Number of protein chains: 2
Amino acid sequence: MATIRDVAQLARVTPTTVSRVLNNSGYVKEDTRKRVETAIADLAYLPSTVGQSLRFKRTQTLGLVISDISSMFWITVIRGAERFARAHGYSLVLIDTESSEQQQQSALENLIRRQVDGIILMPVSARTEPIRFVQRQGIPIVVLDHPMRDEQVDVVRCDTEQASYDLTRLLIERGHRKIAMITGPNNFATATDRADGYRRALRDAGLPVDETRILYGRFLPESGAAMAAKLLELDDRPTAVVTGNDFIALGAANTFRKAGIRIPEDLSMVTFDVAPEDLVLDPFFTSVLQPGALMGERAAEILLRRLDGQEMPYEEVLLPTRIAEFSSIACPRA
Amino acid sequence: MATIRDVAQLARVTPTTVSRVLNNSGYVKEDTRKRVETAIADLAYLPSTVGQSLRFKRTQTLGLVISDISSMFWITVIRGAERFARAHGYSLVLIDTESSEQQQQSALENLIRRQVDGIILMPVSARTEPIRFVQRQGIPIVVLDHPMRDEQVDVVRCDTEQASYDLTRLLIERGHRKIAMITGPNNFATATDRADGYRRALRDAGLPVDETRILYGRFLPESGAAMAAKLLELDDRPTAVVTGNDFIALGAANTFRKAGIRIPEDLSMVTFDVAPEDLVLDPFFTSVLQPGALMGERAAEILLRRLDGQEMPYEEVLLPTRIAEFSSIACPRA
DNA sequence: CTGTTAGCGCTTTCAC
DNA sequence: GTGAAAGCGCTAACAG
């Protein structure tokens with residue numbers, strides 16, 4: 001890999017002049033410029049950004065820390081963020097924390113050491129210390145998908161409490177009265193928000209809230225399967241279930257199928273975050289769709305604005321969701 | 001962001017000593033070490049990797065260039081590569097080329113300038129020049145998912161010709177005789193391989209190969225939809241269709257549904273690359289599953305071996321596929 | 001045991 | 001119009 005000095009030598013000038021040619025700064029005699037350009041071409045020279053980073057204290061890099069890359073939803077977030085970053089001359093370093101607090105910490109340390117210009121974080125927990133840790137290093141950070149009440153940080157997310165309300169309401173309108181909710185960890189805002197919206201919808205409809213019908217687990221197929229099994233043990237079985245995300249839904253659906261329960265004939269199901277309409281095959285889950293790509297974009301955009309030196313108050317961007325209706329709802333039987 | 005000099009100053013030593021403490025190299029008096037460690041902690045100092053990169057000419061970074069991040073398949077590849085890289089002290093820079101030759105070129109230039117230690121490339125075309133371009137810079141590169149006949153480069157992929165053979169054979173065994181194939185661009189090996197396997201399966205079964213039943217398009221839902229529409233115009237309609245990937249399948253299924261054609265009752269469908277079994281809801285496509293995570297891992301692993309200085313001949317890693325059977329096949333009707 | 005020096009690749013004063 | 005020198009953060013060879 002050629003360096004600026006190799007080019008200089010070949011063109012019989014100093015690195016200074018090569019730099020001037022590269023950056024179109026200062027005057028360079030046409031003749032000299034030609035020689036330099038030839039040398040650059042001959043050596044297939046590309047200026048090293050690590051040298052530049054050291055000089056400018058800017059790496060033109062954003063860090064994206066995801067707590068679990070698996071879900072179809074997150075790929076759209078990654079895609080949106082990468083696309084926006086790339087369009088603005090930044091690259092993306094992607095790190096999966098596998099939902100581990102410890103791995104999140106080392107991911108953040110890694111990114112700080114790499115001197116990334118900004119960080120997008122989908123946190124593994126509600127702890128705010130990791131965010132402060134990054135901010136203390138003077139690196140702007142945006143939190144994704146997680147409400148940070150009273151926190152001095154930018155947040156991009158959807159109002160999933162409201163989305164959950166709407167989703168539950170849909171079931172109520174179809175005649176369901178006994179509705180269950182299976183969601184993620186009860187110390188995790190994205191999980192409890194869904195439960196909150198669900199409760200509010202029931203209350204608004206004058207229906208009782210039966211806490212035994214609300215199950216907390218993890219946002220994983222196995223957990224969904226286990227919670228579904230618990231539901232089947234209830235004395236008074238629900239006629240419909242709201243699930244917290246696509247993985248829980250798929251795991252639960254599996255359990256139900258094995259138990260000979262048909263969806264939607266025997267049990268209606270609705271969920272969050274399955275793939276966009278044109279990427280699924282009917283029959284499929286009626287589901288809340290979060291605009292993942294937009295979330296990634298907006299997060300990156302906030303970072304770039306801050307890197308641009310714009311002074312602005314911390315903001316919480318609430319993106320709109322919508323419900324894609326498929327065939328997983330039926331009217332309850334007698 | 002504190003530098004090594006800030007730490008040195010606070011601990012009243014030179015950067016050298018701080019470096020020694022950081023890297024546990026050379027002798028440091030216990031007392032001095034303590035002072036340095038305190039200073040490090042006080043300043044929340046983390047050594048900059050860009051300084052180290054400049055010094056060592058190693059960035060501990062791999063580049064992953066994907067030609068289209070959308071598919072569920074690619075997320076597993078990304079995940080596998082990231083995980084393996086992280087486990088070995090490397091980070092991943094992710095770039096989407098959006099299937100554009102030009103963007104691929106700038107992605108590669110970007111990564112070279114960033115001095116990444118290795119590159120994993122899912123190429124947008126069969127052109128070999130981009131690969132040589134990277135190799136000329138002395139950076140090891142692994143090609144994903146694309147056969148590179150006679151090429152001096154490592155390749156990790158699945159034998160999709162054989163997989164397509166098996167998939168087609170499955171339809172033949174169920175009694176189908178009129179089988180169509182809709183796949184990607186006919187100048188793209190991953191697309192033509194599928195067509196080749198399909199043809200071979202027909203021939204081996206003594207069935208005629210009707211080229212009008214083989215349609216080339218793009219690996220996108222819209223293209224799948226359009227090709228499906230073409231199939232419907234054929235005089236002698238097929239009773240089954242093999243599609244080249246999940247997107248084509250979903251697009252095609254959409255067209256069929258709109259035309260009132262039921263799957264599998266009226267038409268059987270099989271495809272490639274839908275999500276792993278536990279992440280789909282039956283009914284779903286019977287499909288060839290490629291081990292995406294493993295592909296990502298193996299690609300990263302080859303790079304690390306080469307970075308480790310291991311001399312070895314270029315290899316083509318062929319990973320096994322398997323078929324996940326769902327409900328999209330029925331026996332043909334009279 | 002610790003400090004001095006030099007250099008990785010780059011750009012930017014400041015001279016000439 | 002071009003070059004020399006300095007410095008971004010880090011480490012290693014060499015002194016002492």
Side-chain angles (χ1 to χ4, degrees), chain A residues 1-37 39-40 43-61 109-117 137-139, chain B residues 1-37 39-40 43-61 109-117 137-139:
Chain A
M1 267 184 287
T3 76
I4 198 170
R5 245 196 297 281
D6 300 327
V7 176
Q9 207 159 9
L10 187 58
R12 300 196 290 152
V13 293
T14 56
T16 315
T17 305
V18 178
S19 176
R20 276 197 268 260
V21 172
L22 287 170
N23 304 299
N24 260 314
S25 62
Y27 297 89
V28 179
K29 208 183 355 176
E30 198 45 36
D31 181 42
T32 318
R33 171 183 307 275
K34 278 277 182 306
R35 265 198 350 266
V36 170
E37 277 164 353
I40 288 175
L43 296 172
Y45 167 73
L46 293 170
S48 155
T49 58
V50 1
Q52 294 176 328
S53 294
L54 195 55
R55 185 89 232 280
F56 294 132
K57 304 177 144 212
R58 275 263 192 150
T59 53
Q60 298 295 114
T61 306
E109 286 176 10
N110 179 353
L111 292 175
I112 291 168
R113 295 190 44 180
R114 297 190 111 85
Q115 317 259 58
V116 297
D117 299 327
Q137 302 275 344
I139 300 179
Chain B
M1 269 187 287
T3 77
I4 199 171
R5 247 197 294 283
D6 299 327
V7 176
Q9 207 160 9
L10 187 58
R12 301 199 287 152
V13 294
T14 56
T16 312
T17 305
V18 177
S19 175
R20 277 196 267 259
V21 171
L22 286 170
N23 303 301
N24 261 315
S25 62
Y27 298 89
V28 179
K29 213 192 338 182
E30 196 47 34
D31 181 41
T32 317
R33 174 185 303 276
K34 278 277 181 305
R35 273 206 333 275
V36 170
E37 278 166 353
I40 288 174
L43 296 172
Y45 167 73
L46 292 171
S48 156
T49 60
V50 358
Q52 294 175 328
S53 295
L54 195 55
R55 187 86 232 281
F56 295 131
K57 306 178 144 208
R58 274 266 193 148
T59 52
Q60 298 296 114
T61 307
E109 286 176 10
N110 179 353
L111 292 175
I112 291 167
R113 296 190 42 178
R114 298 189 110 83
Q115 317 258 57
V116 297
D117 299 327
Q137 301 276 344
I139 300 179

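By convention in this document, chain letters (A, B, ...) are assigned in the order of the sequence lines, proteins followed by strands, and residues within each chain are numbered from 1. Predicted model only: the values in this text are computed from it and were never measured.
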Inset, instruction - Identify, residue by residue, the members of residues 46-59 of chain B with a heavy atom below 4.0 Å from DNA chain D, and return them in order of residue number, or none. - result: B/Pro47, B/Ser48, B/Gly51, B/Gln52, B/Leu54, B/Arg55, B/Phe56

Nearest heavy-atom neighbours spanning [X] and [Y]:
| X | Y | value |
| --- | --- | --- |
| B/Val50 | A/Arg114 | CG1-O, 4.1 Å |
| A/Tyr45 | A/Thr3 | CE1-C, 3.5 Å |
| A/Gly26 | A/Arg20 | CA-CD, 4.1 Å |
| B/Arg58 | B/Asp117 | CA-OD1, 3.6 Å |
| B/Glu37 | B/Val21 | CG-CG1, 4.1 Å |

Inset, instruction - Tell me whether the OP1 or OP2 atom of D/dC8 has a side-chain N or O from B/Arg5 closer than 4.0 Å. - result: yes

Inset, instruction - Decide side-chain contact (heavy atoms from CB on, under 4.5 Å) for A/Thr32 and A/Thr17; before the verdict, give the C-alpha distance in whole Å, the side-chain angles of both, and the deciding distance to 0.1 Å. - result: CA-CA 9 Å; A/Thr32 318; A/Thr17 305; 4.1 Å; yes

Legend entry - Under 3.5 Å: donor-acceptor pair, side chain of B/Arg35, backbone of B/Ala11: yes

Legend entry - chain A footprint on DNA chain C, 5' to 3' - any atom under 4.0 Å from a heavy atom: C/dC8 to C/dT12

Inset, instruction - Residues of residues 8-18 of chain B with any non-hydrogen atom less than 4.0 angstrom from an atom of DNA chain C: list those, numerically ordered, please. - result: B/Val13, B/Thr14, B/Thr16, B/Thr17

Legend entry - Distance, rounded to the nearest Å, where B/Arg20 contributes CZ and D/dC10 contributes C1': 14 Å

Legend entry - Worked verdict on B/Gln60 versus B/Thr49 for side-chain contact (heavy atoms from CB on, under 4.5 Å): CA-CA 9 Å; B/Gln60 298 296 114; B/Thr49 60; over 6 Å; no

Inset, instruction - For the residue pair B/Gln115 and A/Ser48, confirm or rule out a side-chain donor-acceptor distance under 3.5 Å. - result: yes

Legend entry - B/Glu30 with B/Lys34: basic N within carboxylate O range, under 4.0 Å: yes

